[in-house]
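One structure is given below, encoded as structure tokens.
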Amino acid sequence: MADKKERSGSPGQEPPEPVPAGATPRRAGLGQRLLPYAGYLVVTAGLCAYGLWADNYYYTQLLTFIGIHTLLAVGLNMVMGYAGQISLGHAAFFGLGAYTTGALTVHLSWPPLAALPAALAVPALVAFIVGMPTLKLHGYYLGMGTLGFGMIIHILFREWTALTGGPNGLVGIPVLSAGPVSLAGGKTYLFLVWGAVLLSFGMCSRIVHSRVGRALSAIHFSEQAAAAVGVDTMRAKLEVFVFSAALAALAGFLYAHMVTFISPSSFSFLVSIRIVAMVVIGGMASIWGSLFGAGLLTLLPEWLHVFSEYEVMIYGLVLVVVMIFFPQGLTRGVLDAYERARRRKTGAGPSA
Amino acid sequence: MSAQGEEKPAPVLQLEGVSKSFGGVRAARDVSFSVAPGHIHAVIGPNGAGKTTLFNIITGVYAPDSGRIRFEGADVGGRPVHRRVAMGIARTFQNVELFSGMSVLENVMVGLHVRTRCGFLGAIARPPWVKREEKLARETALDWLRFVGMEKVAETPAGDLPFGWQRLVEIARSLASRPRLLLLDEPAAGLNARETRDLGALLKRIRAQGVTLLLVEHDMSLTMEISDRIMVLDQGVKIAEGTPREVQADKKVLSAYLGG
Amino acid sequence: MQEFLQYLFSGITNGAIYAVIALGFSTLYSATDLINFAQGEFVMLGALLLMTLWTQVSMPLWAAFPLAVLLVAAVGMVFDRVAIKTVKKPSPILLVLITVGASILFRGGAMLLWGKHSYSVPAFSSISAVEIGGAYLFPQSLWILGVVLVLVAGLNLFYHRTLTGKAMQAVAINKQAAELLGVASRKMTLLAWGLAAGLGAVAGVIISPITMSAYDMGTMLGLKGFCAAMLGGLGNFWGAVVGGVLLGLTEAMGVGYVSSSLKDAIAFLLLLLILYAKPTGILGKASSHRF
């Protein structure tokens, strides 16, 4: 059968003039070729600068949280932004990662690094099992399926007291250490978390710009057509769902060993929604947007502290207003505004 | 039954007694026919005759209630859509289903999905073979765009193209999977006279590549001109089959079209 | 037997409340294809408003009840105009987030107005509980059942006998066609919002004597009402009723005979079960066409 494929229609047989390889579009100048790496460079430089000069426990904590949230957001963005599948239960994987490492290190006294593979594997496996029936659903039904799953896992955290400590939470999770080297210190941990973030960005952007990523986007635009050109849509959705669960689990692992105390409320329905909001505000199908969305939604409550009682209300208000006026996400919205301004000035067309 | 007619070359596609109904509506009733290799085989019939349903059964979107579908001798019934594409059955849609936000080139590259193999881990690790495969995929996709004359718009978002061009891109995308059987659902719908003529020429060029074509078409002059064989469906039943000339002379066909 | 009856009573009572919330979801969904994640907050607003009007402002119940419902209905309509109509390209994800944002907003607002306290309201009538086969049926349960029955009958009449109700159904079936025939779909959408919010408020009002009311009571009630709506078939009138009662009963039996820690999980387990088995719900039609 394989050689039949070879024989059958190759487009070269009726030759229109072959175009030289150099004519391949998307050849860009050096500046533009470096552009994809600009983000990594900027973040690394920023972290180095912060590591050298700043010394503020509060900010270090905050930046670490932004990193953890970014991991959550970028993972969900793969599922939602690229593959177009709603998930309203992503906090479950975050929690499963945290509780797996929590239970193993607290109850069985495993060293944290030994618990890491399990903390990634358990949520990934759960994602695989749950994903099989759930990802067959579409639109609101998929949203509700993932929501229901998230709620059940949340209730499990609350009720399985022997393992999770119940509503009071799981106390005494050890801080991370590699052999004799403790990674507990604020800045060390900050670098660790952001290392994971940059690594995940690299992985995600490679996936996006690959055969797999194209298949995912194809599913986003038309699942029916994607299947009709040979994409195993179920498999593609399941793979990206599991991948994204593993990233959320990694975030959970890092979170658990940072705060050393976890309770069910950190993995509730509202947390799932917050992750979705990070993705949407940052911009669907935008890897660096996830960083922006996570940053904004992590900082927002901190800024709103000044409003004390009004905090919750304003948080809701901001969410509604942003969604109404920047449905493409703030990143896209700001970039669009910039683009319009630039074009007005120079009269030039949009650049790639 | 009808298979007895074609003796010599083994048929590419063979349907035996295929039936399908939705609720009370019988969209296909005991349909049997076969498509000879290298033919352009047309399915015609009034609206609601069950032509698109037939396509959906052949490509695996619907499972037939009864009957068999053989592709190059192998029973493909029960195989999912994407497996059939990998075997060599490709299709286009009546209303053109491109991935509108992706570039034209990317659309065709998705068409290469079954002819490439980089998986999730390959994408992340990106070893040299993946890079080579990616480069080759890009070049092959461009070749296919050239084949349909759409290489100039390779970087344009597919949704921004005029309808007629989208149709050509869709054909390039389906050809990229290197099918041996291509199903075209009303390829001339929405095209003007000139575009339709060009389409006819393109379909002949596709046949010359060794691809067998099965098409549903309403444009009779096009169908009569390019088809080797025509099957007529009415209300899910095959009422006639033969060369364009034979079909045109058939009384049952006339009465079906005139609403007799 | 006595146990069973007791579970049955409480199951039907809760089920009736879920049914009303589910009706709110379904009313809105069938008219606008939208799922409102702030529906539970309408329930909360109904309960807290009744509490304020009845016990703090000392309004008579017969006035406080409808006033609370009308106020919440107005909130729903304003919300539609301010936040939903202004969205240029609505997509499910966007609308989910807007309504979730709104639910946070409402919750925050309620926290400002009523604080973090829990309030209780006396039963609507002070008759003592009726004993049936050793189990107690509380008068508030009868109130709830009565109100729900009247509501279901009234809505049914509205949909099938009044022009407005029929027009709303027409919009639900085909927005464009209805508009061509002169039905103003924007008005119908607004009405659907009012109706849905009002239904939520009714649920809040009738539930307030048997539960503690607080600013954060809505989330879980909303989600469960949603489960009930899915269970019966999203957008299906009788489906909402059947789904609500079924959910209430399963919950009551599960809590009674298995474990009370199951209580909240049951709704979501049922939800997953129905999604996997028949996503269109018990009374829903086959998947391809909704009507």
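In what follows, chains carry the letters A, B, and so on, assigned in the order in which the sequence lines appear, proteins first and then strands, with residues in each chain numbered from 1.
- With rounding to the nearest 0.5 Å, the separation of OG1 in B/T116 from CZ in A/R214 is 7.0 Å.
- Legend: residues meeting ring pair (Phe, Tyr, Trp, His ring centres under 6.0 Å) with A/F243, ordered by chain and number and at least two apart, are B/F120.
- By number of non-hydrogen pairs under 4.5 angstrom with chain A, the leading residue of B/S100, B/G111, B/A90 is B/S100.
- Most heavy-atom pairs under 4.5 Å with chain A: of the set B/I89, B/V114, B/V110, this distinction falls to B/V110.
- Of all residues in residues 118-131 of chain A, none places a non-hydrogen atom less than 4.5 angstrom from a non-hydrogen atom of chain B.
- For B/E170, no part sits under 4.5 Å from any heavy atom of chain A, backbone or side chain.
- Contacts between B/A125 and chain A at a heavy-atom distance below 4.5 Å involve the backbone alone (N, CA, C, O).
- Around CZ of B/R83, the count of heavy atoms belonging to other residues, nucleotides or ligands within 6.0 Å does not exceed 12.
- The CD atom of A/Q224 sits 7.0 Å away from the CG atom of B/N56 when rounded to the nearest 0.5 Å.
- The two residues A/A218 and B/M102 make their nearest non-hydrogen contact at N-SD, 3.7 Å.
- No side-chain heavy atom of B/E97 sits under 4.5 Å from any side-chain heavy atom of A/E223.
- In terms of heavy-atom pairs under 4.5 angstrom with chain B, the leader among A/G202, A/G230, A/S210, A/A236 is A/G230.
- With a 4.5 Å cut-off on side-chain heavy atoms, B/H82 and A/V231 do not count as touching.
- In this structure, OG on A/S222 lies 6.0 Å from CZ on B/F99, to the nearest 0.5 angstrom.
- For B/Y62, the ring pair (Phe, Tyr, Trp, His ring centres under 6.0 Å) partners at least two apart in sequence or on another chain are B/F22.
- Remark: side-chain polar atoms of B/R91 are not paired, donor with acceptor, to backbone N or O of A/A228 under 3.5 angstrom.
- A pairwise comparison of heavy atoms in B/C118 and A/R211 identifies O-NH1, 2.8 Å as the closest pair.
- By the ring pair (Phe, Tyr, Trp, His ring centres under 6.0 Å) test, B/F93 is found to be paired with no residue, residues two or more places apart in sequence or in another chain being considered.
- Using a 4.5 Å cut-off between heavy atoms, A/A226 contacts chain B through both its backbone and its side chain.
- Ranked by heavy-atom pairs under 4.5 Å with chain A, the first of B/R126, B/M109, B/R117 is B/R126.
- In the displayed structure, A/W194 atom CH2 is contacted under 6.0 Å by more than 12 heavy atoms of other residues, nucleotides or ligands.
- Per-residue heavy-atom pair counts under 4.5 Å with chain A were compared for B/G101, B/P80, B/G159, and the maximum is reached by B/G101.
- In this structure, B/I124 and A/I207 have side chains that are in contact, with non-hydrogen atoms separated by less than 4.5 Å.
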